[in-house]
Number of protein chains: 2
Amino acid sequence: MTQPVDGTESPRARVSFLSQSSTAASGRALRPSAKVLPEHARGHNRALVLQSLFTTGQRSRADVARSTGLTRVTVSELVTELMAEGLLVEMGQRGGARPGKPAILLDIDHSSFQVVGVDLSDFAVFRGAVLDLRGNIVRRAELPLTGITGQAALDRVVALTERLLALVSAPLLGIGVGSPGIVDLAGLVATAPNLGWTNVPLQAYLFERFGVPVVVANDANAAVLAEHSFGDAREDLMLVRIGRGVGAGLLLGGGPLYGSRFAAGEIGHVVVGTDGGQQCSCGKQGCLETWIAVPRLEAKLMDAPSEAGRDDVLREAAGRLGIALAPIVGALNLGEVVLSGPGQILGGLFVDATLETIRSRTMAPFHGDLTLRLTTLGDDIVLRGAAVMVISARLGVS
Amino acid sequence: MTQPVDGTESPRARVSFLSQSSTAASGRALRPSAKVLPEHARGHNRALVLQSLFTTGQRSRADVARSTGLTRVTVSELVTELMAEGLLVEMGQRGGARPGKPAILLDIDHSSFQVVGVDLSDFAVFRGAVLDLRGNIVRRAELPLTGITGQAALDRVVALTERLLALVSAPLLGIGVGSPGIVDLAGLVATAPNLGWTNVPLQAYLFERFGVPVVVANDANAAVLAEHSFGDAREDLMLVRIGRGVGAGLLLGGGPLYGSRFAAGEIGHVVVGTDGGQQCSCGKQGCLETWIAVPRLEAKLMDAPSEAGRDDVLREAAGRLGIALAPIVGALNLGEVVLSGPGQILGGLFVDATLETIRSRTMAPFHGDLTLRLTTLGDDIVLRGAAVMVISARLGVS
DNA sequence: TCATGTTTGTTAGTAAAGCCTACGAAGGGG
DNA sequence: CCCCTTCGTAGGCTTTACTAACAAACATGA
């Protein structure tokens, strides 16, 4: 009972290979789905180099080689290619006194490309931005959404995108869109009630219209990607968006979860508790939305007679959220839950009470390290998530 | 708005590659983690060929080439290799009158290798079996577990494994173990209260002891893999094991979910409902286990005065399970939930009532196709899942 | 001062893998 | 009997990453 051997190399085994000998997967291979050609391996390794510099910039070729496991030769070749494309730049020699030839530091040229991000999740306005590769917002634009739906709403998305494209000041990597509703992997919006959309192939439509790579996904899914990339989050993460409705995005093992019908994260209409509740627009009673959707919460807070009364309102709402989340946190063994919504409502007390409820309803030892907090990305979370989708799809980096 | 274009090829894009242009992922690339060498691609493609024959046997090289996308040349080479290893055999020419040279049918030689599977999840007995590549049980063995724990239990696992190894009648692919408790990716049993184990490196221990590839995983995780491979299940699946305790295994997108602390699926101690409940051994009240664990259910059924009373007991328990599962089904947008446990208790009424509760507490349109059923694999589900783990790890096939 | 060791990045050659082209084998149909 | 189709295999080519080797550039210690 000495070393944790991987159990791979066996003297008695006649079949001496392992399909995926990844360290993390440790003998558990996934079902292969598509053939792999040398060029695919190449793309993967190029993304690996890019990722290495994306997470920690200012590294030399030799640094990248060490961190990726590739040889310096291969890294050099990939770097040459990436520099020719403008994605990487040399930043001069590394300072400090070290033996040997001084290293030439590399970094991603974050301004070499730009991304257009669009957020359709607000009920009153379509928001958009031009972002750089770091996810920083370079320019903004928005168009009001005065109750329009259907084709008119689609036209307004196009108008906003046109306005944003005019603001782009570097080669464009693509357009990312975070849409409310159910969105499939091809960027088809199956249903978005607020926009009156049913089976709108938004991604294909925008691609035909603008001839630029487009990625369309659910707004909460975009948000959780942003939180992961910019919010210093871990690999297993649930992001709960609380607004007029309630939705969530799930990131498991670093990848988004879509669900069997692309409706993962749709927790707004899950009934909470066993003691009734208010009537919901969906026909049921006691849906999560009836407890914590912002309009209802604000109404209750208005009615509250005192500061203590408002705290009680918040505590009860937070408790309901905790009751809904506890089985999810338990089943997925989540380490982190992030809330996105109006900070003045969801701040301190609400977060604390939610966490307390989850803790009291799950097995503490498994979740002792559960953290629950508000996002630090504010209202731009979907915009930045939309950018992450494009950067991830085009560069394999996040 | 014609064709669902992938949004990949853009006339304005300077960066003309996509890290992973998988059809399913559709522009959403995962963060790369490890370098890919030509040999890795080779292993992947070999697994692809094997998988193709695994799911649909009796196919020619040309058939495999068409279904995988690889060329006939490459497939031929891989097949030659796999036949030399004994995994594939030629089954003679295809019958029926077709133009052209008749095809030589291939199939996996399911008896060419065997796997040892061990199930430690029963409280009274360690069960084991020798299985073929199809997951059929060839020989069985078991050892009673008369309350022993710690090193004694470990010794008994070794004794059972020794007995099983003596029954193996073909080259051995490896040993798979489904253990209760929290098991990490290296097969270390972090905690298994019933066995009195804490941080027992079972996988490494057995590998050192027997010099054969070993895969150790949680019993529910093994079970869900078995259900997926043999039970005709879909890619998103939750398997709930109901016995002395309650646990679950989750398969999302075809891959198992482990969770941030390898405790995914541990739902037995999630509090259900907002109206109290019985005292649980964990200290809380109203944990799922207090509602549906088999010993408690049996006690209640014994106390029930009539047939109708027993139905009420089952209905209430099923309702509680539904209440616990509803947020999970909703958040993950699960299409399928499978129960594993004593069939005479969990049959008809229990399943129906659980499904009804879930439906009444989630958004129907997203889950109209939710199915909930008992496993068809019976008590061998963990044994067969343990075999799947080994076959999957060694051959990349499931 | 100068030889030595160290680190970096690049050049040349090699091994692995899958592709394309082409070919013989084997059978059906007119 | 000739043409066509399909199957499996050879030979040659391209891509990719690796190993080996080397020049450049710097620190250090005799």
Side-chain angles (χ1 to χ4, degrees), chain A residues 16-17 19 21 32 34-49 52-53 58-84 88-107, chain B residues 16-17 19 32 34-49 52-53 58-84 88-107 396:
Chain A
S16 58
F17 53 85
S19 69
S21 60
K35 65 176 175 178
V36 168
L37 302 171
E39 73 200 66
H40 296 131
R42 176 77 167 186
H44 180 94
N45 288 336
R46 162 163 37 196
L48 201 57
V49 168
S52 170
L53 285 159
Q58 302 283 100
R59 320 181 69 181
S60 70
R61 292 166 176 82
D63 292 334
V64 173
R66 276 185 292 266
S67 78
T68 58
L70 297 164
T71 57
R72 290 200 308 271
V73 180
T74 303
V75 170
S76 270
E77 194 182 331
L78 290 168
V79 164
T80 304
E81 196 176 304
L82 290 165
M83 279 176 47
L88 294 186
V89 284
E90 292 188 339
M91 307 290 288
Q93 294 187 353
R94 189 197 318 258
R98 306 204 313 179
K101 174 178 172 177
I104 305 169
L105 294 177
L106 300 166
D107 204 346
Chain B
S16 58
F17 54 85
S19 69
K35 65 176 175 180
V36 169
L37 300 172
E39 72 200 67
H40 297 131
R42 176 77 167 186
H44 181 96
N45 288 336
R46 163 167 32 199
L48 201 58
V49 169
S52 171
L53 285 160
Q58 302 283 98
R59 321 182 67 181
S60 70
R61 293 167 175 80
D63 292 333
V64 173
R66 276 186 292 267
S67 79
T68 59
L70 296 164
T71 56
R72 289 202 308 270
V73 179
T74 302
V75 170
S76 269
E77 195 183 332
L78 290 168
V79 165
T80 303
E81 196 176 302
L82 291 166
M83 280 175 45
L88 293 186
V89 284
E90 293 188 340
M91 308 289 289
Q93 293 188 353
R94 191 200 313 260
R98 304 204 314 178
K101 173 179 172 177
I104 304 168
L105 293 177
L106 301 167
D107 204 347

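Residue numbering restarts at 1 for every chain, and letters A, B, ... go by the order of the sequence lines.
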Which pairs, protein N/O on one side and nucleotides 24-26 of chain C N/O on the other, fall under 3.5 Å?
from: C:dA26; atom 1: N3; to: B:Lys101; atom 2: N; distance (Å): 3.3

What pairs of nitrogen or oxygen atoms, one from the protein and one from nucleotides 11-18 of chain D, lie under 3.5 Å apart?
from: D:dA17; atom 1: OP1; to: A:Asn45; atom 2: ND2; distance (Å): 2.9
from: D:dA17; atom 1: OP2; to: A:Arg42; atom 2: NH1; distance (Å): 2.3
from: D:dC18; atom 1: OP2; to: A:Thr71; atom 2: N; distance (Å): 3.4
from: D:dC18; atom 1: OP2; to: A:Thr71; atom 2: OG1; distance (Å): 2.9
from: D:dC18; atom 1: OP2; to: A:Thr74; atom 2: OG1; distance (Å): 2.6

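Between B:Arg61 and D:dT9 there is a side-chain polar atom (N or O) within less than 4.0 angstrom of OP1 or OP2. One finds a side-chain N or O of A:Arg66 lying less than 4.0 angstrom from the OP1 or OP2 phosphate oxygen of C:dT8. At the phosphate of D:dT9, OP1 or OP2 sits under 4.0 Å from a side-chain N or O atom of B:Ser76. Contact annotation: A:Ser60 does not reach the phosphate of C:dT7 (side-chain N/O to OP1 or OP2, under 4.0 Å).
Taking atom CD1 of residue A:Ile104 and atom P of nucleotide D:dC26, one finds them 11 Å apart after rounding to whole Å. The distance from atom CZ of A:Arg59 to atom C1' of C:dT7 is 16 Å, rounded to the nearest whole Å. Atom-to-atom, NE2 of B:His40 to P of C:dA15 comes out at 20 Å; the value is rounded to the nearest Å. Distance A:Arg72 CZ to D:dC22 P: 14 Å, rounded to the nearest Å. Between the C1' atom of C:dA16 and the NE2 atom of B:His44 lies a distance of 17 Å, rounded to the nearest Å.
Listed by chain and number, the residues in a salt bridge (Lys or Arg N to Asp or Glu O under 4.0 Å) with A:Glu90 are A:Arg61 (sequence neighbours excluded). Taking A:Thr71 as the reference, A:Val73, A:Thr74 meet the side chain to side chain contact (heavy atoms under 4.5 Å, CB included) condition, with sequence neighbours excluded. For B:Ala103, the side chain to side chain contact (heavy atoms under 4.5 Å, CB included) partners at least two apart in sequence or on another chain are B:Ser60, B:Arg94. For A:Arg42, the salt bridge (Lys or Arg N to Asp or Glu O under 4.0 Å) criterion is met by A:Glu77, A:Glu81, not counting sequence neighbours.
A:Leu53 and A:Asp107 make their closest contact through O-OD1, 4.1 Å (heavy atoms, listed as atom of the first residue, atom of the second, distance). Heavy atoms only, all atoms of each residue included: B:Pro102 and B:Gln93 are closest at CG-OE1, 3.4 Å.
Counting heavy atoms from C-beta on, the side chains of B:Val75 and B:Thr68 come closer than 4.5 Å. Under the 4.5 Å side-chain criterion, counting only non-hydrogen atoms from C-beta, A:Asp63 is in contact with A:Arg66.
In this structure, B:Ser52 contributes its side chain and B:Leu48 its backbone to no donor-acceptor pair below 3.5 Å.
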